[in-house]
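Quick notes on the structure that follows.
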There are 2 protein chains.
Amino acid sequence: MTTINEVARHAGVTPATVSNVLRSRGRVGAETRQRVLDAIDALGYRPHLAARALAEGRAPTLALMVSSIANPFYPEFALAVERAARASGHFVIICNTNEDPLMGRAYLDQIAGTLSEGVLVMNANLDFADLHLTEARGAPVVLCMWEKPNDPPGLPSVAVDFALAGRLAASHLIELGHRRIGAIVGSKVSGIHTPRYEGFVAAMKAAHLTVHAEHVRHAPDTVQGGYAAAHELLSANPEITALFATNDLPALGAIHAAADLGLAVPGDLSVTGITDIQLARESRPALTTVAVPTAEAAKLAVTLLRELIATGTRPSDMAPVLYETSPPRLVVRASTAPPRSARRPSRSR
Amino acid sequence: MTTINEVARHAGVTPATVSNVLRSRGRVGAETRQRVLDAIDALGYRPHLAARALAEGRAPTLALMVSSIANPFYPEFALAVERAARASGHFVIICNTNEDPLMGRAYLDQIAGTLSEGVLVMNANLDFADLHLTEARGAPVVLCMWEKPNDPPGLPSVAVDFALAGRLAASHLIELGHRRIGAIVGSKVSGIHTPRYEGFVAAMKAAHLTVHAEHVRHAPDTVQGGYAAAHELLSANPEITALFATNDLPALGAIHAAADLGLAVPGDLSVTGITDIQLARESRPALTTVAVPTAEAAKLAVTLLRELIATGTRPSDMAPVLYETSPPRLVVRASTAPPRSARRPSRSR
DNA sequence: ATGAAAGCGCTAACAG
DNA sequence: CTGTTAGCGCTTTCAT
């Protein structure tokens with residue numbers, strides 16, 4: 001490994017000068033500068049990032065906490081985060097908590113402030129106390145996609161209007177003429193999808209439609225979860241002509257369930273999701289959903305984090321910042337249509 | 001930020017002792033040990049990973065080079081890599097090259113050997129010269145899923161028998177009774193899918209079936225790519241009863257194309273993929289495919305990398321290691337069936 | 001315009 | 001058992 005000292009010697013200068021030309025900081029003579037550059041080139045020198053970090057008192061990475069990168073939503077987000085991070089010279093370390101708060105804590109304990117300068121958290125089922133602790137220890141934390149505006153997180157966050165997303169999807173179904181609309185709401189435990197559901201309820205109420213308790217099901221936030229919930233829901237309530245799901249994955253599962261029940265989508269059943277993951281456009285029938293500004297949220301989150309890092313602001317010093325993204329928007333595709341007057345009876349699979 | 005010195009002072013010992021208890025290395029008195037532990041606890045001390053890395057002359061992370069984490073295959077792999085990496089105390093930095101060799105080089109230049117102790121490369125369209133350079137600079141490189149056994153990469157790698165995968169899928173189709181089988185092969189440029197295709201050809205040959213040039217199409221390795229290729233291929237050659245795709249994503253696209261052409265899968269057309277990504281089991285009809293041991297490959301790759309790091313072996317010192325995973329295996333699902341004698345004519349969409 | 005020197009937080013011999 | 005002493009590679013005042 002070639003060090004800055006070797007470069008210096010090779011160029012007949014001191015390390016300080018090399019450092020100066022490297023960061024175009026100090027005033028360095030053109031001729032010396034060139035000699036240094038040549039030496040760097042000749043020796044194939046690359047600055048040692050860890051050493052630099054230590055000397056500068058900063059860390060070269062950002063930590064991205066997710067529950068599992070295998071969830072199809074995260075990669076799209078992670079990609080956007082990485083792009084934004086590179087722009088500020090940071091690398092991103094991916095931290096899968098596997099839904100386990102203890103894993104999350106272990107990560108935070110180890111890297112926050114020592115290897116990572118800040119941490120971005122996506123819904124990763126983390127202990128808020130741990131997050132506040134890592135803040136207190138000097139590593140800013142930002143929540144990347146806060147869903148509950150009425151329940152401020154006490155941490156800097158970027159927020160997306162998910163209630164609006166819920167309203168948009170529900171309104172679309174209602175405008176199409178659906179009256180008996182079922183709902184599949186994900187993540188009951190964390191309650192993270194509550195605003196989406198409330199948006200749905202609000203839209204129903206605005207249309208003077210009642211949501212029947214027996215028409216809503218909670219399900220894990222997966223294709224499987226949506227499948228099971230929809231299968232059960234549709235079997236028990238054949239009068240339903242449309243399904244509102246709080247997320248794309250369960251919506252996709254619902255479409256599969258419909259297929260297995262002999263229900264055509266959108267002929268016999270309309271289905272909507274929320275998020276607009278890549279899969280939503282790539283599956284058949286393509287999913288009507290409400291697109292959430294993922295890339296924008298990622299960029300905002302990184303920007304916010306950078307600011308916190310730069311100003312060295314301890315979140316306790318101020319009211320937690322909350323950046324809001326542009327509003328989600330409806331994307332109509334092939335999984336929704338007006339209801340048929342006559343529904344085929346559902347055959348059991 | 002609390003440092004090891006503060007802990008030492010608080011406990012009435014020297015930093016060396018603190019370091020010793022931290023890494024349970026030196027022989028430390030039980031009572032002193034406890035005092036140190038208490039101090040650590042009281043002060044909320046966490047070792048500074050960058051400083052430690054510098055002092056130890058090693059880096060705490062591994063770099064994972066992928067073309068784009070948004071490709072549905074990578075997250076599953078990345079998850080397995082991360083698990084394995086954690087086991088050896090490494091964090092993983094995700095490097096999206098975006099298919100651009102220059103981005104790849106930029107990453108390698110910056111982190112290899114200084115922030116990352118080693119680099120794992122998934123098909124990321126990297127310049128081999130760059131990889132050899134980073135090796136020479138002291139950061140071991142391992143190829144995570146080498147596809148071409150006959151074309152040794154000159155780098156330590158873990159290899160998967162993709163030719164076998166191709167044979168398995170083709171044989172399945174043949175055994176089902178298909179005779180006119182089309183092929184959609186991905187990634188023409190990198191030629192990375194060649195062995196898969198050769199496996200297909202071998203199986204056809206073994207069954208005394210000829211593969212017609214007009215029955216094979218090259219396509220980008222995406223759902224879209226598979227869709228377009230299949231649509232064109234099926235329109236032009238209605239006699240085809242089965243499609244062999246070298247990857248799951250294009251296979252899924254082919255299924256969509258079939259749907260749009262009014263062809264039932266598997267009634268009118270059988271389709272196979274390779275890899276068995278999560279999506280393969282979650283889409284409908286569920287995809288018959290050949291499962292590649294992703295997690296195993298990830299684990300092997302990390303193991304191999306760790307060995308290279310530990311022994312400090314310069315790859316030029318030895319014949320490049322090549323670990324082979326267990327063989328891929330056929331997973332029959334709902335996208336394949338015996339051919340119908342009478343095929344419905346394809347209607348144009 | 002360049003050099004000397006101190007130090008970032010930690011580890012690793014070696015002494016005692 | 002514990003303390004002392006040197007760095008790891010780089011940056012950064014402060015001199016010159």
Pairs touching residues 63-79 of chain B that satisfy salt bridge (Lys or Arg N to Asp or Glu O under 4.0 Å), sequence neighbours left out = none
Phosphate-side-chain proximity, B:Thr32 and D:dT2, N/O vs OP1/OP2 below 4.0 Å | yes
For DNA chain C, stems built from three or more consecutive Watson-Crick or G-U wobble pairs below 3.5 Å = C:1-11 with D:6-16, C:13-16 with D:1-4
Could you tell me whether the side chain of B:Met1 reaches within less than 4.5 Å of the side chain of B:His48, counting heavy atoms only?
-> yes
Which residues share a salt bridge (Lys or Arg N to Asp or Glu O under 4.0 Å) with A:Glu82, sequence neighbours left out | none
In Å, rounded to the nearest 0.5 Å, how long is the span from CD1 of A:Ile93 to CD of A:Gln110?
-> 10.5 Å
Roughly how many Å is it from CZ in A:Arg9 to P in C:dT2, rounded to a whole number?
-> 19 Å
Taking the side chain as C-beta and beyond, is there a heavy-atom pair between A:Val81 and A:Met122 under 4.5 Å?
-> no
For B:Arg306, what residues pass the salt bridge (Lys or Arg N to Asp or Glu O under 4.0 Å) criterion, not counting sequence neighbours?
-> none
Report all side-chain donor-acceptor pairs from residues 62-72 of chain B shorter than 3.5 Å, counting only partners two or more places apart or in another chain.
| unit_1 | atom_1 | unit_2 | atom_2 | d |
| --- | --- | --- | --- | --- |
| B:Ser67 | OG | B:Tyr74 | OH | 3.4 |
| B:Ser68 | OG | B:Ala70 | N | 3.1 |
| B:Asn71 | OD1 | B:Phe73 | N | 2.9 |

Letter by letter from the 5' end, nucleotides 4-16 of chain D scores (B base, S sugar-phosphate only, - none; protein heavy atoms under 4.0 Å) B--BBBBSB----
Which part of the nucleic acid does B:Gly57 contact within heavy-atom distance under 4.0 Å: base, sugar-phosphate only, or nothing?
-> nothing
Could you state the interatomic distance from CG (B:Leu43) to OG1 (B:Thr2), rounded to the nearest 0.5 Å?
-> 5.0 Å
